[in-house]
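Note sheet for the following structure.
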There are 2 protein chains.
Amino acid sequence: MADPARRPDNRYGSRPTMKDVATRAGVGLKTVSRVVNGEPGVTPDTERRVQAAIDALGFRRNDSARVLRKGRTASIGLVLEDLADPFYGPLSRAVEEVARAHGALLINGSSAEDPDREQELALALCARRVDGLVIIPAGDDHRYLEPEIKAGVATVFVDRPAGKIDADAVVSDSFGGARDGVAHLIAHGHRRIGFIGDRPNIHTAAERLRGYRAAMADAGIPVQDAWMSLGATDPERVRRAAAEMLSGPEPVTAFFAGNNRVTVTVVRVLSERPRPVALVGFDDFELADLLQPGVTVVAQDAAQLGRTAAQRLFQQLDGVLAAPERTVLPTRLITRGSGELPPAD
Amino acid sequence: MADPARRPDNRYGSRPTMKDVATRAGVGLKTVSRVVNGEPGVTPDTERRVQAAIDALGFRRNDSARVLRKGRTASIGLVLEDLADPFYGPLSRAVEEVARAHGALLINGSSAEDPDREQELALALCARRVDGLVIIPAGDDHRYLEPEIKAGVATVFVDRPAGKIDADAVVSDSFGGARDGVAHLIAHGHRRIGFIGDRPNIHTAAERLRGYRAAMADAGIPVQDAWMSLGATDPERVRRAAAEMLSGPEPVTAFFAGNNRVTVTVVRVLSERPRPVALVGFDDFELADLLQPGVTVVAQDAAQLGRTAAQRLFQQLDGVLAAPERTVLPTRLITRGSGELPPAD
DNA sequence: CTGAAAGCGCTTACAG
DNA sequence: CTGAAAGCGCTTACAG
């Protein structure tokens with residue numbers, strides 16, 4: 001009953017500590033610390049005695065306590081929009097692999113595209129004293145992070161740049177990718193091209209719209225307001241937008257879809273219609289090549305985004321970076337059929 | 001992590017602590033603690049003074065220190081196979097939502113299907129003193145967790161049960177789902193049905209094979225060894241297995257695919273062949289309905305698996321659970337065309 | 001209403 | 001080679 005290490009009913013507080021190990025092994029606390037951390041300067045015999053006590057007690061070092069003393073937590077935070085979105089899976093995995101290579105764990109959470117929730121999460125991670133933060137921003141004002149960054153929290157934004165603060169960012173070339181995709185449709189004879197994208201306050205959505213406008217302007221095609229729809233990417237809204245653009249005397253003959261959620265819904269809409277309509281989507285997705293026709297996309301490399309961002313984060317922590325910088329990764333047009341359909345009329 | 005010795009001038013030494021706030025506000029440490037935690041018993045005037053000091057200093061409570069003192073860390077760990085696999089996205093998100101509702105953060109990592117890496121990750125999470133662990137096991141021996149569980153770490157296994165220890169598990173009805181899916185093919189006239197699944201040491205793979213055998217036995221169809229292939233789910237292996245079953249004088253006329261990775265590859269193989277072959281896959285996937293034919297699947301609810309597991313985890317932490325238990329969630333057959341094709345010969 | 005002291009489980013800095 | 005003391009930033013238990 002004296003031994004605190006074997007009280008099965010007291011769930012917490014029942015774990016043996018270094019002090020318990022030291023007592024059992026008949027050595028000092030510091031000697032246990034040396035053995036646990038593989039530090040030199042312990043005789044083989046002492047080490048054996050300590051190890052025996054560790055095994056007997058089932059001791060496992062409390063990294064929470066260690067972290068408090070050492071300063072760095074060897075963990076980084078990842079705030080993204082939605083863990084369930086297939087675009088973020090490879091991105092998260094890439095961040096995790098880089099973290100792992102640096103011996104750090106990954107704490108992550110979804111903002112659900114809610115700026116308040118993004119802030120709440122990011123600050124909770126700062127309170128846990130993560131060493132760094134990789135953020136896919138939902139909001140457009142990140143001044144709330146200034147004190148944290150000043151206090152030493154490494155920070156990199158991915159997919160979208162930070163708002164109102166100067167910070168590292170790694171993004172895809174949304175403008176160029178969209179311009180190329182729309183130019184591709186124009187090259188195949190389309191003039192009435194619809195653009196359906198995410199909400200306009202999202203940086204990538206605005207950039208892709210800008211790319212659309214640029215391609216149309218380059219071709220000398222005046223753009224009609226009815227051809228552009230920005231808003232939430234839920235299927236209902238996208239369906240409505242697509243249906244509107246396809247109705248009337250002068251329907252669009254092609255769509256450019258602003259992200260993978262939109263593309264998938266547009267594919268569904270088009271599959272229900274007899275007349276073929278061309279489509280190019282931003283973001284690649286699984287099975288895009290097996291649909292009929294295959295879906296032509298402007299692909300971005302989600303894993304590369306995550307990897308690059310995480311690498312910059314650890315460079316910041318190593319103190320080898322100068323000023324914040326924006327890294328822009330190229331996109332790639334993949335033709336599969338849907339973007340090469342001629343105009344229906 | 002980077003060598004702590006060469007970190008640039010105490011990044012974290014620069015953060016203000018409660019003591020700094022107390023000094024600046026001219027109050028005691030405990031009074032600051034009261035204000036920070038919203039505890040009662042502080043006069044409005046004192047509270048104002050403390051709050052002013054907090055704002056001026058940019059103080060943020062160090063939850064690492066708090067956790068050390070309080071016992072619970074308000075964080076849970078999730079060990080899964082691969083964050084990038086679309087099956088785990090909704091599962092992770094569901095776990096996260098339950099954790100969030102309980103005020104806990106989620107630390108997660110991928111085992112990459114490697115038992116050693118699973119153990120390394122799980123134990124690293126225990127060293128961080130997560131309150132609980134949700135594990136999608138890669139290995140089949142979890143005795144390494146016994147001391148942790150005894151010490152009070154709540155543990156729930158998902159998708160696959162634990163090996164060699166008695167622990168809570170939440171799984172889909174792999175046996176029943178596979179049996180139903182194969183019976184569906186038999187009902188549509190098939191007798192030569194191929195089964196391609198994951199490696200046989202994975203519990204779900206073995207259970208689904210058992211379901212296949214049961215359906216065949218129920219129909220009085222003798223099963224040939226050449227009709228069953230278990231192994232890695234990389235495209236090359238699955239392609240080879242499918243091609244073999246489709247060759248020879250008596251090719252299979254239908255496939256049952258053991259999981260979504262296999263299904264996708266089989267769809268690709270079949271799309272390259274002229275003769276229609278029936279297919280039912282375990283696991284639903286996006287766009288399955290838009291392929292031609294639509295892919296008939298035995299669907300499991302990944303989000304529900306995650307939600308149920310996380311709920312049980314917090315029930316364990318609340319001490320309201322008795323003995324470990326296995327929860328089996330039902331599957332659902334969704335017919336879309338590929339499973340209703342008649343035999344080709 | 002307020003605060004000084006002890007302690008959570010480790011590491012650091014130092015002395016023997 | 002070994003260990004006692006101090007301290008990381010909080011909360012707990014207690015006293016005024």
Side-chain angles (χ1 to χ4, degrees), chain A residues 4-5 10-50 53-54 57-74 126-129 151-152, chain B residues 1 3-5 7 10-50 54 57-74 126-129 151-152:
Chain A
N10 188 354
R11 293 178 78 93
Y12 301 95
S14 71
R15 298 207 71 136
T17 70
M18 280 194 181
K19 204 174 149 195
D20 298 325
V21 174
T23 304
R24 174 157 186 139
V27 300
L29 187 57
K30 178 59 196 169
T31 300
V32 176
S33 175
R34 287 199 179 90
V35 171
V36 168
N37 296 303
E39 287 167 21
V42 181
T43 59
D45 183 58
T46 306
E47 178 166 357
R48 250 191 307 278
R49 279 216 323 283
V50 171
I54 288 173
L57 259 28
F59 169 79
R60 179 170 313 285
R61 184 182 66 196
N62 183 336
D63 281 352
S64 269
R66 173 168 223 249
V67 142
L68 176 61
R69 189 61 234 242
K70 289 195 86 96
R72 284 212 185 173
T73 57
C126 290
R128 296 296 176 101
R129 296 295 189 266
Chain B
M1 285 286 19
D3 181 356
R7 81 185 162 202
N10 286 0
R11 296 177 77 97
Y12 286 117
S14 68
R15 296 208 74 134
T17 69
M18 281 193 180
K19 203 175 150 195
D20 299 325
V21 174
T23 304
R24 176 162 186 133
V27 300
L29 188 58
K30 177 62 196 166
T31 299
V32 177
S33 175
R34 287 200 179 89
V35 172
V36 168
N37 296 304
E39 287 167 22
V42 181
T43 59
D45 183 58
T46 307
E47 178 165 356
R48 249 191 307 278
R49 278 214 325 283
V50 171
I54 287 173
L57 260 27
F59 170 79
R60 180 170 314 284
R61 184 181 66 196
N62 183 336
D63 281 352
S64 268
R66 172 168 225 250
V67 141
L68 177 61
R69 189 61 235 240
K70 290 197 84 97
R72 284 209 186 177
T73 58
C126 290
R128 296 295 177 100
R129 295 293 188 267

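Residue numbers start from 1 in every chain, and the chains themselves are labelled A, B, ... in the order their sequence lines are given, proteins ahead of strands.
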Original post:
Paired with C:dA4 by Watson-Crick or G-U wobble geometry, both distances under 3.5 Å: which nucleotide is it?
Top reply: none
Original post:
Counting only Watson-Crick or G-U wobble pairs whose two distances fall under 3.5 Å, which nucleotide matches C:dA13?
Top reply: none
Rounded to whole Å, please give me the gap between [atom1] in [X] and [atom2] in [N].
X       : N      : atom1 : atom2 : answer
B:Leu57 : D:dG9  : CG    : P     : 13 Å
A:Arg15 : C:dG7  : CZ    : P     : 23 Å
B:Arg72 : D:dT11 : CZ    : P     : 17 Å
A:Arg60 : C:dG9  : CZ    : C1'   : 15 Å
B:Asp63 : D:dT11 : CG    : P     : 9 Å
A:Asp45 : D:dT2  : CG    : C1'   : 14 Å
B:Met18 : C:dG3  : CE    : P     : 14 Å
A:Leu29 : C:dC8  : CG    : P     : 12 Å

Would one find a side-chain N or O of [X] under 4.0 angstrom from OP1 or OP2 of [N]?
X       : N      : result
B:Thr31 : C:dC1  : no
B:Lys19 : D:dC10 : no
B:Asn62 : D:dC8  : no
A:Lys70 : C:dT12 : yes
A:Thr43 : D:dT2  : yes
A:Ser33 : C:dT11 : yes

So, taking the atom named [atom1] in [X] and the one named [atom2] in [Y], what distance separates them when rounded to the nearest 0.5 Å?
X       : Y        : atom1 : atom2 : result
B:Ile54 : B:Glu47  : CD1   : CD    : 9.0 Å
B:Thr73 : B:Arg129 : OG1   : CZ    : 10.0 Å
A:Asp20 : A:Thr23  : CG    : OG1   : 6.0 Å

**OP:** Have a look at A:Val67 and say if it touches a base, only the backbone sugar-phosphate, or nothing, with a 4.0 Å heavy-atom cut-off.
**Re:** nothing
**OP:** Under 4.0 Å between any heavy atoms, over every strand shown, what does B:Ser64 touch: base, sugar-phosphate, or nothing? Just pick one.
**Re:** nothing
Subject >> Pair of N/O donor and acceptor under 3.5 Å linking C:dG9 base with B:Arg69 side chain >> reply: no
**OP:** Look at the side chain of B:Arg129 and the base of C:dG9, then say whether one donor and one acceptor between them are separated by less than 3.5 Å.
**Re:** no
Would you mind telling me which of [options] lies closest to the side-chain atoms of [X]?
X       : options               : value
B:Lys30 : D:dC8, D:dA13, C:dC14 : D:dA13
B:Arg66 : D:dT11, D:dC8, D:dG3  : D:dT11
A:Arg61 : D:dG9, C:dT11, D:dT12 : C:dT11
B:Thr17 : C:dC10, D:dG9, C:dC14 : D:dG9
B:Asn37 : D:dT11, C:dC10, C:dG3 : D:dT11

Subject >> B:Leu68 or B:Arg34, whichever maps to the more 5' nucleotide of DNA chain C >> reply: B:Arg34
**OP:** For B:Gly41 and for A:Glu39, locate the closest nucleotide of DNA chain C by heavy-atom distance; then report the residue assigned to the nucleotide nearer the 5' terminus.
**Re:** B:Gly41
Can you see which heavy atom on [X] is nearest to which on [Y], and at what distance?
X       : Y        : result
A:Val50 : A:Val32  : CG1-CA, 4.2 Å
A:Phe59 : A:Thr17  : CE1-C, 3.6 Å
B:Asp63 : A:Arg128 : CB-CD, 3.8 Å

Subject >> Carboxylate-amine/guanidinium proximity below 4.0 Å for B:Arg49 and B:Asp45 >> reply: yes
